[in-house]
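Note: hydrogens, waters and symmetry copies are ignored here, and every other heavy atom, side chains too, is used. The residues of the chain are indexed from 1 along the displayed sequence.
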Amino acid sequence: MLARLKLSGSAHDIGFGLGEFGRAAVHAKLRPLPLWQWLASQSDTDKAQQMQALVRQHFPRYWQELEGLAAGLQLPLAEVFLWNCRGDFPGLPAVDGCTTVYGRTAQGTLIAHNEDGLPQLRDDCALVEVSPDEGVAFTSFVYPGSIPGHTFAVNAHGVVATVNNLRPTDIPAGVPRQILGRASLDARSVDEAIAVVSFQPRAGAFHHTFGKAGSARVVSVEASAAATAVVEIERPSGHANHIVHAALEGVGQRITGSSGARQQQVEARLAALGADLSPAQALDILHDTAVADLPIYRCAVDDPDDENTLATAIFILGATTVEWRVHTRAATATADAAGVVSIPQ
């Protein structure tokens, strides 16, 4: 079962609450990792300093959230900042891979997402409901030690956002991708969400899926330092965690065996469907283990990317509501958490 958090107040308050929640897991399981230690060693580099300055200049409220997070974790801010930049340096180990499927459904539109992360964090993640003094309220999956915005979420305006890791080979100094993901949770529309993740200068790359209650529109967005590609979804489609949009075909990237295999499996499963994608079909695809060594649903202790599926989220976007549910076990169709967001009229 996922822990459930409710946080409110200032950006610092919210960050502090996240830090308190994640403190034990970060100190015991993340800080000893070579990845964490290497990132911490980069805190005085020109790139890290430039990225800090860009966040403070353009996104001061999220910088305050990071300050609160560091305080709650009882760790140096520079160290915590760099952990939240773990996808902004080329060649680092894969983290937070993920798979997403999306399309039209009889009830409206559907976005479904496998959240794949470090296996040792299976019992240390949470669903957090955030009611900030400034900004938009939202519900999001969160990892210990990280601000929200790079997993899956729905906000009070009915905007749904899911995120997949991308691994470009060239990553310049810029705003960290997790900061831009966090900013997308304040969007009041799909276009606002696209605009904020298209911000330049940016560092690392993400794939985002955005939809909104009251609209049949779903977009698949690959956002990188080189450019942003936006694809309007017309039929059931899916995305593992590597660049597939033609507009970014010239961007160098690393595609792991798991990522390539999951993309092929998702496309093959979706090709057998009609124009609509039901919640049951989406869940079945995301829980697929037919390719035993490189499955869509990842639970192997020897996964080649050192990732496992920690949760699966289903979002059904209707005319005035977003119905959501989260599963943490593939063996049952019963959700571990569920809810409904009614959008302002």
Pairwise side-chain contact, Ser140 with Val130, heavy-atom cut-off 4.5 Å (strictly under): no

Minimum-distance pair of heavy atoms, taken over all atoms of Leu317 and Gly211: CD2-C, 3.4 Å

Ile233 side, atom CD1; Thr209 side, atom OG1 - distance, nearest 0.5 Å: 7.5 Å

Nearest-0.5 Å distance, OG1 of residue Thr162 to NE2 of residue His208: 9.5 Å

Between Thr99 and Arg262: side-chain donor-acceptor atoms closer than 3.5 Å: yes

Check: Arg104 and Pro236 side chains under 4.5 Å, non-hydrogen atoms: no

Straight-line distance of Ser184 OG to Asn155 CG, nearest 0.5 Å: 8.5 Å

Thr309 side chain reached by Glu115 side chain, heavy atoms, under 4.5 Å: no

Connected via hydrophobic side-chain network under 4.5 Å: Leu75 and Leu66: yes

Derivation and outcome, salt bridge (Lys or Arg N to Asp or Glu O under 4.0 Å), residues Asp306 and Arg298: CA-CA 10 Å; Asp306 192 27; Arg298 307 159 78 184; over 6 Å; no

pair Val301-Pro119: side-chain heavy atoms closer than 4.5 Å: no

Closest approach of His113 to Val163 (non-hydrogen atoms, all atoms of both residues): CE1-O, 3.1 Å

Residue pair Ser10, Asp133: steps toward the side chain to side chain donor-acceptor pair (under 3.5 Å) verdict: CA-CA 5 Å; Ser10 68; Asp133 290 345; 5.3 Å; no

Sequence neighbours excluded, every pair satisfying salt bridge (charged side-chain N to carboxylate O under 4.0 Å, His left out) that has a member inside residues 275-284: Arg269-Asp284

Gln263 vs His242 side-chain heavy atoms within contact, under 4.5 Å: yes

Under 3.5 Å: donor-acceptor pair, side chain of Lys47, backbone of Asp88: yes

Distance-only side-chain donor-acceptor flag, Asn84 / Arg182, under 3.5 Å: no

Val341-Tyr102 co-clustered via ILVMFWY side chain contacts under 4.5 Å: yes

Non-hydrogen atoms of Asp13 and Ser8 that approach each other most closely: CB-O, 3.7 Å

Cluster check Leu69, Leu127: I/L/V/M/F/W/Y, side chain < 4.5 angstrom: yes

Same cluster (ILVMFWY, side-chain, under 4.5 Å), Val266 and Ile314: yes

Heavy-atom side-chain proximity of Ser342 to Thr320 below 4.5 angstrom: no

Geometric class of the His150/Tyr143 ring pair [parallel <30°, tilted 30-60°, perpendicular >60°]: parallel

From CA spacing to verdict: side chain to side chain contact (heavy atoms under 4.5 Å, CB included), Phe210, Ile194: CA-CA 8 Å; Phe210 296 124; Ile194 295 170; 4.2 Å; yes

Thr256 vs Arg167, side chain to side chain contact (heavy atoms under 4.5 Å, CB included): CA-CA, chis, key distance, verdict: CA-CA 9 Å; Thr256 69; Arg167 305 180 181 91; 3.6 Å; yes

Flag for Ser146-Arg86: side-chain donor and acceptor within less than 3.5 Å: yes

Shortest non-hydrogen separation from Ile343 to Gly158 and the atoms involved: CG2-CA, 3.5 Å

Trace of the side chain to side chain contact (heavy atoms under 4.5 Å, CB included) decision for Ile147 with Ile179: CA-CA 8 Å; Ile147 60 173; Ile179 292 292; 3.9 Å; yes

Nearest heavy-atom neighbours spanning Ala226 and Val251: CB-CG2, 3.9 Å

For Thr312, the option from His327, Arg329, His287 that meets side-chain hydrogen bond (donor to acceptor under 3.5 Å, both in side chains): His287

Between CG on residue Leu82 and CH2 on residue Trp38, distance to nearest 0.5 Å: 8.0 Å

Closest heavy-atom pair and its distance - Val159, Ser189: CG2-N, 3.9 Å

Plane angle bin for Phe59 and Tyr62 - parallel if under 30°, tilted between 30 and 60°, otherwise perpendicular: parallel

Validation row: Pro90, Pro168 side chains within 4.5 angstrom (heavy atoms): no

Side-chain heavy atoms of Asn114 within contact of Cys98, under 4.5 Å: no

Between Glu79 and Trp83, a side-chain donor and acceptor under 3.5 Å: no

side-chain hydrogen bond (donor to acceptor under 3.5 Å, both in side chains) partner of His239, the single match among His245, Glu222, Glu267: Glu222

Connected via hydrophobic side-chain network under 4.5 Å: Val326 and Val340: no

Gap separating the CG atom of Leu118 from the CG atom of Asp305, nearest 0.5 angstrom: 11.0 Å

Glu232 atom CD: more than 12 heavy-atom contacts under 6.0 Å: yes

Worked check of salt bridge (Lys or Arg N to Asp or Glu O under 4.0 Å) between Asp186 and Arg61: CA-CA 11 Å; Asp186 277 326; Arg61 181 155 49 88; 3.0 Å; yes

Side chain to side chain contact (heavy atoms under 4.5 Å, CB included) evaluation trace for Thr151 with Val142: CA-CA 7 Å; Thr151 58; Val142 289; 5.7 Å; no

Straight-line distance of Leu73 CG to Leu30 CG, nearest 0.5 Å: 9.5 Å

Intermediate values then yes/no, ring-ring contact (aromatic ring centres under 6.0 Å, His included), Trp324 and Phe152: CA-CA 11 Å; Trp324 62 267; Phe152 59 81; 8.4 Å; no

